[in-house]
Amino acid sequence: MKLIIAIVQDEDATRLVSSLMNEGYSVTKLATTGGFLRAGNTTLLLGVDDEKFQGALDVIEKICKSRKQIATSPSPVSGAAGAYVPYPIEVMVGGATVFVMNVEQFIKI
Ligand code: 2BA
């Protein structure tokens with residue numbers, strides 16, 4: 001069994017959870033925040049049997065799209081006042097960031 005931790009964009013989360021559930025996967029959805037953009041994203045936890053692992057990745061790949069997002073980044077010190085002036089930068093946020101772990105034990109009590 002494997003544990004998939006998938007960080008996805010909020011815009012894709014509802015459709016992704018529905019698609020995974022329709023395909024018979026159990027999913028836990030967490031509201032999370034990206035460290036760089038400091039914006040909300042969604043983290044999904046899926047415990048999957050090895051034979052269903054690739055199927056779950058295929059669903060994630062099909063649903064999750066890359067998008068451009070505007071982030072506010074601190075600039076280097078500017079001017080004599082030494083103030084930090086935030087400025088907008090454009091970053092490409094991935095379809096999904098996926099971590100995969102082998103599950104040592106799966107216990108339901
Ligand atoms: P954030 O940390 O808010 O990052 C959003 C996007 O900003 C990233 O998209 C990337 O395109 C860009 N970015 C992140 N750090 C950067 C930096 N130091 N300099 C320039 N651009 C930077 P993704 O790579 O698709 O990541 C989407 C979200 O997935 C991240 O949101 C974070 O919540 C999570 N994530 C990505 N890699 C991770 C990792 N190695 N460990 C834990 N979480 C990760």
Side-chain angles (χ1 to χ4, degrees):
M1 184 180 222
K2 300 206 183 303
L3 175 66
I4 299 175
I5 301 174
I7 303 166
V8 304
Q9 294 173 71
D10 288 344
E11 291 90 328
D12 295 325
T14 303
R15 206 156 77 87
L16 179 57
V17 170
S18 300
S19 299
L20 288 166
M21 301 284 297
N22 287 342
E23 300 273 339
Y25 293 97
S26 293
V27 184
T28 296
K29 179 172 175 249
L30 307 172
T32 46
T33 304
F36 185 69
L37 294 181
R38 314 249 166 116
N41 53 26
T42 297
T43 299
L44 301 182
L45 306 180
L46 294 89
V48 296
D49 291 327
D50 288 351
E51 60 271 21
K52 293 188 74 185
F53 167 72
Q54 189 56 48
L57 279 191
D58 291 346
V59 174
I60 294 169
E61 192 174 354
K62 191 174 89 184
I63 303 283
C64 296
K65 310 273 180 246
S66 293
R67 293 186 184 85
K68 284 181 184 162
Q69 256 181 261
I70 303 297
T72 304
S73 172
S75 70
V77 174
S78 71
Y84 280 88
V85 181
Y87 63 95
I89 56 165
E90 195 176 76
V91 292
M92 185 63 83
V93 185
T97 299
V98 180
F99 300 89
V100 180
M101 274 162 275
N102 287 318
V103 174
E104 200 168 302
Q105 285 191 326
F106 174 58
I107 301 167
K108 278 188 176 176
I109 297 172

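Just follow the structure's listing: the first ligand is 1, and inside any ligand the first atom is 1. Values reported hereafter were calculated over all heavy atoms of this structure, with side chains retained and with hydrogens, waters and symmetry mates removed.
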Exercise for the section: Decide whether an N or O pair under 3.5 Å exists between Val93 and ligand 1. Expected result: no

Handout entry: atom 37 (N) of ligand 1: nearest protein contact (heavy atom, Å)
Key = Thr97 CG2, 3.7 Å

Fill in the blank from the handout: Within 4.0 Å of some non-hydrogen atom of Asn41, the atoms of ligand 1 are 28 (C), 31 (O), 33 (O)

Completion exercise
Nearest heavy-atom contact between Ile70 and Pro88 is CG2-CB, 3.7 Å

Fill in the blank from the handout: of all protein heavy atoms, closest to atom 17 (C) of ligand 1 is Phe36 CE1, 3.4 Å

Handout entry: Met101, CE: over 12 other non-hydrogen atoms inside 6.0 angstrom
Key = yes

Exercise for the section: Would you give the length of the straight line joining atom OG of Ser66 to atom CD of Gln9, rounded to the nearest 0.5 angstrom? Expected result: 7.5 Å

Practice task
Count the heavy atoms belonging to other residues, nucleotides or ligands that lie under 6.0 Å from CD of Glu61, then report whether that count exceeds 12.
Solution key: no

Handout entry: Part of Met92 within contact of ligand 1 (heavy atoms, under 4.0 Å)
Key = backbone

Problem - Rounded distance (nearest 0.5 Å) linking atom OG1 of Thr43 with atom CD1 of Ile7 - result: 4.5 Å

Practice task
Pull out every atom of ligand 1 sitting under 4.0 Å from any heavy atom of Leu37, numbered as shown with elements.
Solution key: 1 (P), 3 (O), 5 (C)

Handout entry: Contacting atoms of ligand 1, where contact means under 4.0 angstrom from a heavy atom of Gly34
Key = 1 (P), 2 (O), 3 (O), 31 (O), 33 (O)

Problem - Protein contact of atom 44 (C) of ligand 1 - nearest heavy atom, named by residue and atom, plus distance - result: Ile7 CD1, 4.0 Å

Exercise for the section: Determine whether any heavy atom of Ala39 lies closer than 4.0 Å to an atom of ligand 1. Expected result: no

Practice task
Might you confirm whether atom CD of Glu104 has over 12 heavy atoms from other residues, nucleotides or ligands at distances under 6.0 Å?
Solution key: no

Practice task
Could you pull out the closest heavy-atom pair between Leu16 and Ile60, with the gap in Å?
Solution key: CD1-CA, 3.8 Å

Practice task
Search all heavy atoms of Arg38 against all heavy atoms of Thr33 and return the closest pair with its distance.
Solution key: C-CG2, 3.7 Å

Practice task
Return the residue, atom name and 0.1 Å-rounded distance of the protein heavy atom closest to atom 25 (O) of ligand 1.
Solution key: Gly94 N, 2.6 Å

Practice task
Report the nearest protein non-hydrogen atom to atom 41 (N) of ligand 1: residue, atom name, distance rounded to 0.1 Å.
Solution key: Phe99 CZ, 3.4 Å

